Amino acid sequence: MSRALATGLGFTVLLLLGCWWALHLVHGGPVAAGFWLLVLVLVAVAWLALDRLSAEPVTARIVPVLFGAWLLFLWEVVVVGFDVPRVLLPAPSAIGRTIANSLGLLRADFVQTFVRAVVPGWVMGCGAGFVVALLIDRSPFLQRGLLPIGNLVSALPIIGVAPIMVMWFGFDWQSKAAVVVIMTFFPMLVNTIAGLAQTSAIERDLMHSYAASYWQTLVALRLPAAMPFIFNALKINATLALIGALVAEFFGTPIVGMGFRISTEVGRMNLDLVWATIAVAALAGSLSYGLLALIERMVTFWHPSYRRRR
Amino acid sequence: MAAASIGRPSGIATPRSGRALPVAVVTLAILLVWYLGAIWLNAPQVIDRYGDQPWTWQQLMADAWSMDRPVLPAPHQVAVELNRTVFQTAVTSKRSLVYHGWITLSATLLGFMLGTLLGILLAVGIVHVRALETSLMPWVITSQTIPILAIAPMVVVVLGSVGLTGLLPKALISMYLCFFPITIGMVKGLRSPDVLATELMHTWNATPSQVFWKLRWPAAVPYLFASLKVAIAISLVGAIVGEMPTGAQAGIGARLLSGSYYGQTVQIWAALVMGSVLAGVLIALINLVERLTLRAMGAQT
């Protein structure tokens, strides 16, 4: 065990104890100026601990977790200590209690928004973008015509079609899925076309000299080369899909759904539940992103960005 | 949104030769599909209105393209609405799209500037301080998997309840959205000088600030512009969504919302086109600044 690691772990233990004490104090009643001195000291200790721990490759992995927990702690202490009004910002502990108390409600919202609208919309939008890209790929003329337009459309505020889709497909999840399809289509299209253009002439000539057919070249050479781009689009789209479905729900929903919950509970100033819904959405977003990143790692293991850094 | 284009500047190889004709053909095809779609989607209502009277196809076509509240307005209806609200209305009027566009644009630009500043500062910190890199970078990425856009209305309402109204809440949402591509792009850019160049600086005994200003910063500028283009587009989206909560008085998002409440589809489409034009103009502006800056820095184009 190196010195940096030992001091880093020492500081971490000190930090955890200090944070536990601070939480105990702040929930015990009103706090004095001395308490904020303690928090300042803890900030310094946290900085030292993070700095030492990130020097070691072994412990560098847990640093983000520690940092996240540290931010949560600061949030809790500041909100409780300064007695910030609940309407402005509830404490993490209050949000946690709300989550635990309204699991059924949150689950119903999650199913309505994520399972019914986001996932099918994401699959359809990405699938359609991929297929259209493959079709366009055979015609350089279409490629030249569609790529600039696709690039332009990806930069447009497509989210604005949400009210139109709600009018066309009604209030239920179909309209949200439609918004998701439109939002995810163009990033996938543009990225797949760019990815399919990644192979060099030498590689394609090699396939040609093997007398490989168009499909053989596609499956064996061009699709694998396009995978980093395709996964990039899949990951962008995972976030976009969630945003699209939630925003579309602001324009009309049945009385269930995460976007509906956020907009109505904001109106009633019931911020605990809003934050609980946001926490669920954030968790769903991060998990799907992480899952995609994991699959990407397995599929494109050959890519230079995954080589171990020296 | 199109975070794909962060990364290597000019990463996507576009076939440059003769793009005008294909683009024109595709645009015409889209217009054609739009007109046909307008007939197809509006026909049921039109036929319903005819009742038992006999009707011809020409009549159906003409009526489907000139409905008051169509399911899908024809492009020329949107053009007429745009002409009416942009050129025929005084810019100070609440019916003018220029007025609403300006409200959105000002929030977009303020948020964009704040986000750029924050993004660059974070990137500089991440590149220079090891503890920041390991602790902050994962959270910068995680922060983007949170559908912040969906809570934009809440941010507006909550900030409004403490007296912050008008431009700032929307700009804050834009800022949150657009700092990310800038941070990612700038971290890549500031790290882009190769080992030889940094070692050369080292042999010249350059101070860290000299290394930054004479090597890292110039190397990062192309990356910065690639990120700026993504960021301005997202910033606009953020401003528009920030205008959607009930009670928003002005802006493109408010136009979308009121159009959806009163079934004014033509108004929604006109607002959408206005937003798209804004996005296009902003990106074109950044392209121009990029070209001028890179030329002034002696880049080969």
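Numbered from 1 within each chain, the chains take letters A, B, ... in sequence-line order. These numbers were taken from a predicted model, which means no experiment stands behind them.
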Where is the tightest heavy-atom contact between A/Gly160 and B/Ile268, given as atom of each residue plus distance?
O-CG2, 4.5 Å
B/Pro22 to A/Phe141 - nearest heavy-atom pair and separation
CB-O, 3.4 Å
Identify which part of [X] has an atom lying under 4.5 Å from any heavy atom of chain B, answering side chain, backbone, both or neither.
X: A/Ser263; value: neither
X: A/Ala233; value: neither
X: A/Ile193; value: neither
X: A/Val161; value: both

A/Leu146 side, atom CG; B/Thr27 side, atom OG1 - distance, nearest 0.5 Å
9.0 Å
Rounded distance (nearest 0.5 Å) linking atom CD1 of A/Ile159 with atom CG of B/Leu236:
12.0 Å
Heavy-atom proximity to chain A below 4.5 Å, by part of B/Leu41:
side chain
If I measure from the heavy atoms of chain A, does B/Val129 come under 4.5 Å with its side chain, its backbone, both, or neither?
side chain
Greatest number of heavy atom pairs closer than 4.5 Å to chain B - which of A/Pro157, A/Gly285, A/Gly68
A/Pro157
Go through A/Ala238, A/Gly244, A/Ala245, A/Ala282 and name the one with the most non-hydrogen pairs under 4.5 angstrom from chain B.
A/Ala282
CH2 (B/Trp34) with more than 12 external heavy atoms under 6.0 Å:
yes
So do the side chains of B/Leu272 and A/Ile164 get within less than 4.5 Å of each other, counting heavy atoms only?
yes
Measure the shortest side-chain to side-chain distance between A/Phe250 and B/Leu257 over non-hydrogen atoms and say whether it is less than 4.5 angstrom.
no
Please lay out, stage by stage, how B/Val71 and A/Met167 fare under the test side chain to side chain contact (heavy atoms under 4.5 Å, CB included).
CA-CA 8 Å; B/Val71 181; A/Met167 271 180 201; over 6 Å; no
